[in-house]
Amino acid sequence: MLTKRKRRAQRWGKHRAVLLLTLGLLMIFTITFPITVKATTSVYTMTAFTNTSESNMYIYESYNAKHYGLLKGPAYTPPAADLIRDPSIMKHTDGLYYVVYTTNWSGNTVGIASSPDKMNWTFVRNITLSTTTPIAHTWAPEWFKDTNGSVNIIVSLSPGNYEDFKPHVITASGNNLASTTWSAPAVLTGLASNYIDTFVVKTGSTYHAFTKNETTKYIEYATSNSLKGPYTFKGTGNWAGWGSWVEGPALIQLDNGSWRIYFDGYADHKYYYSDSADNFQSWSGKQEIAGLSGMVRHMTVLKESGQPGDIRKLESFNVPGSFIRHYNYQARIDASVSPAEDAQFRIVPGLANAMGISFEAMNYPGYFLRNNNGNVVLVKNDGTAAFRNDATFKRVNGLANANWSSYSLFNNPNLYLRHYDQVLRLQPVVTALDKSDATFREITP
């Protein structure tokens, strides 16, 4: 018995030593390689055509679904003389992004293009639609992926004279969108003649259709227990307070569970959004999409999980209440920042070295704070090594207060971010004032 106890004690001693060694290595690794970011930020990708071109598609991205920055434009031009009106985006099970779009003012086709990265697009095919009655106009196709896995396109069809549009649905028979056959167009019953631009979302077992009444020019709302209907109208006329002469509704669900609808105020040449926190029963007052209102036309938005990135405000240590912000692409500190998003940055893994950090503008996706001969500017990432180096910083304990933070240039640790006459610069830090100017506190907005 005594021998067995000694053996157990020896085995425990070995396990204990291994455990302590593992814990020690883990602590060393954590100290040496700190986790710079924790959260995952949703990314909202918008596809649109513009007032200046109905033959080119533009791609925009946002981290709050309100402020969109240009990702690429033009990003895609269809072959031949086709248009790309009303582009609708989705991500498919094959890992590719797809847009479906209106190919022309008249005709019976919709077009499809694909991309591996939302930047580089390739024409896939045109789908020809046919019904027992003539199709003169085929407009506003929208992807709808049902909870049963089916891939559908909601599209508005007219027999002629740009009148009597009716929403229809076609369904893919297979997953290969380059070759699959599609079902014959089926009418969404319950939505009377002359409804157009129908966008469908599903919550639970209920299908919610937002559709433009082409007679009254209002966006109206109907529900059904089946994608094909019958739909029952729940909101008609000016039920949501958006007014008339609006079209092209598109919806996404935000991280907080509320819904955002976008629509084109084509009469006043503005683009709007509105939010609902009670499952479509009431809506906030319409707001213009900053920077894009008056430019983009009939678009849709895709929501995805993006790379990790903590959204933070950076408050000055010695000018309390003032925050780092971008203004005319120059970095500076200000007390009153409008719009507020100008003072919000995603702190992401360093572009040049993941052990560092980079500051991405929350309302200009793809734009980072960068060293420019000692000045700090907001510039779009051009993918070069020089850019990555100039936009990567090392976070250290605050030089004036160890509970705050300071940021040195990763490839030149003698240079620190500091404010001077409110303008942000990269300079050596020598005096106590320098250290105070170079100390900031990260605050969650």
Side-chain angles (χ1 to χ4, degrees), residues 42-79 82-92 94-104 109-127 138-145 151-156 177 197-201 210 247-254 260-266 271-273 289-306 363-366:
S42 292
V43 177
Y44 301 89
T45 302
M46 175 196 296
T47 54
F49 74 101
T50 68
N51 272 320
T52 58
S53 175
E54 58 183 5
S55 300
N56 295 295
M57 181 176 70
Y58 286 70
I59 307 289
Y60 303 88
E61 282 195 345
S62 174
Y63 296 121
N64 63 359
K66 291 192 299 185
H67 295 85
Y68 285 85
L70 180 65
L71 182 64
K72 187 176 182 180
Y76 171 67
T77 302
D82 282 354
L83 308 180
I84 186 164
R85 295 179 65 90
D86 323 319
S88 173
I89 185 172
M90 76 158 183
K91 190 171 186 180
H92 194 37
D94 60 8
L96 297 178
Y97 297 91
Y98 288 86
V99 289
V100 59
Y101 54 91
T102 300
T103 58
N104 224 308
T109 64
V110 294
I112 295 179
S114 69
S115 171
D117 55 10
K118 298 183 287 189
M119 296 282 286
N120 302 287
W121 293 85
T122 303
F123 174 73
V124 174
R125 63 187 291 197
N126 282 345
I127 303 171
T138 305
W139 287 6
E142 301 284 358
W143 294 113
F144 176 75
K145 296 170 69 175
V151 175
N152 308 272
I153 297 173
I154 312 294
V155 62
S156 301
L177 299 184
D197 296 354
T198 302
F199 194 97
V200 176
V201 296
F210 294 80
E247 64 183 12
L251 287 88
I252 52 166
Q253 190 169 27
L254 304 176
R260 177 160 295 163
I261 187 171
Y262 301 90
F263 50 89
D264 189 345
Y266 61 99
Y271 220 104
Y272 298 102
Y273 69 90
I289 302 178
L292 294 186
S293 180
M295 180 188 305
V296 297
R297 297 293 311 276
H298 194 135
M299 53 73 164
T300 56
V301 172
L302 172 68
K303 175 185 173 183
E304 300 177 276
S305 293
N363 54 353
Y364 284 83

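Since the structure is predicted, the reported quantities are computational estimates derived from the model, not experimental observations.
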*Qualifying residues under side chain to side chain donor-acceptor pair (under 3.5 Å), relative to Asn126, sequence neighbours excluded*: Asp82
_Given 3.5 Å as the limit, does a donor-acceptor pair link the side chain of Trp121 with the main chain of Met57, or not?_
no
*What pairs with Tyr97 under side chain to side chain donor-acceptor pair (under 3.5 Å), at least two apart in sequence or on another chain?*
Glu304
_Exam field: side chain Lys145 to backbone Lys91, donor-acceptor pair closer than 3.5 Å_ = yes
*Mind checking the OH-CD1 spacing from Tyr76 to Ile84? Nearest 0.5 Å is all I need.*
6.0 Å
*Would you check if Leu70 and Tyr58 make a side-chain contact, meaning some heavy-atom pair closer than 4.5 Å?*
yes
*Measuring from Arg85:CZ to His298:NE2, what's the distance to the nearest 0.5 Å?*
9.0 Å
*Between CE of Met46 and CD1 of Ile89, what distance do you get to the nearest 0.5 Å?*
11.0 Å
*Any donor and acceptor pair, going by atom type alone, linking the side chain of Ser114 with main-chain N or O of Leu96 inside 3.5 Å?*
no
*Please confirm whether the backbone N or O of Phe144 pairs with a side-chain atom of Asn152, one donor and one acceptor, at under 3.5 Å?*
yes
_Just verifying a value: how many Å separate Tyr271 OH and Leu292 CG, rounded to the nearest 0.5 Å?_
10.5 Å
*Taking the side chain as C-beta and beyond, is there a heavy-atom pair between Met295 and Tyr60 under 4.5 Å?*
yes
*For Ser88 and Trp143, indicate whether the former's side chain and the latter's backbone hold a donor-acceptor pair under 3.5 Å.*
yes
*Please report the closest heavy-atom contact between Val301 and Tyr44, naming both atoms and the distance.*
CG1-CB, 3.9 Å
_Heavy-atom check, side chain of Pro249 versus side chain of Asp197, under 4.5 Å_ = yes
_Closest approach of Tyr63 to Val43 (non-hydrogen atoms, all atoms of both residues)_ = CE2-CG2, 3.6 Å
*Measure from the side-chain N and O atoms of Thr102 to the backbone N and O of Ala140, and report whether any donor-acceptor pair falls under 3.5 Å.*
yes
*With the side chain counted from C-beta on, respond yes when Thr47 and Ile59 share a heavy-atom pair under 4.5 Å apart, and no when they do not.*
yes
*asked:* Nearest 0.5 Å, please: how far is CD1 in Ile127 from OG1 in Thr103?
replied: 10.5 Å
*Applying side-chain contact (heavy atoms from CB on, under 4.5 Å), run through Leu83 and Tyr101 and close with a yes or a no.*
CA-CA 8 Å; Leu83 308 180; Tyr101 54 91; over 6 Å; no
_Under 3.5 Å: donor-acceptor pair, side chain of Asn56, backbone of Gly73_ = no
*Approximate separation, where rounding is to 0.5 Å, of Arg260 CZ and Lys66 NZ*: 6.0 Å
*Any donor-acceptor pair under 3.5 Å linking the side chain of Arg125 with the backbone of Leu177?*
yes
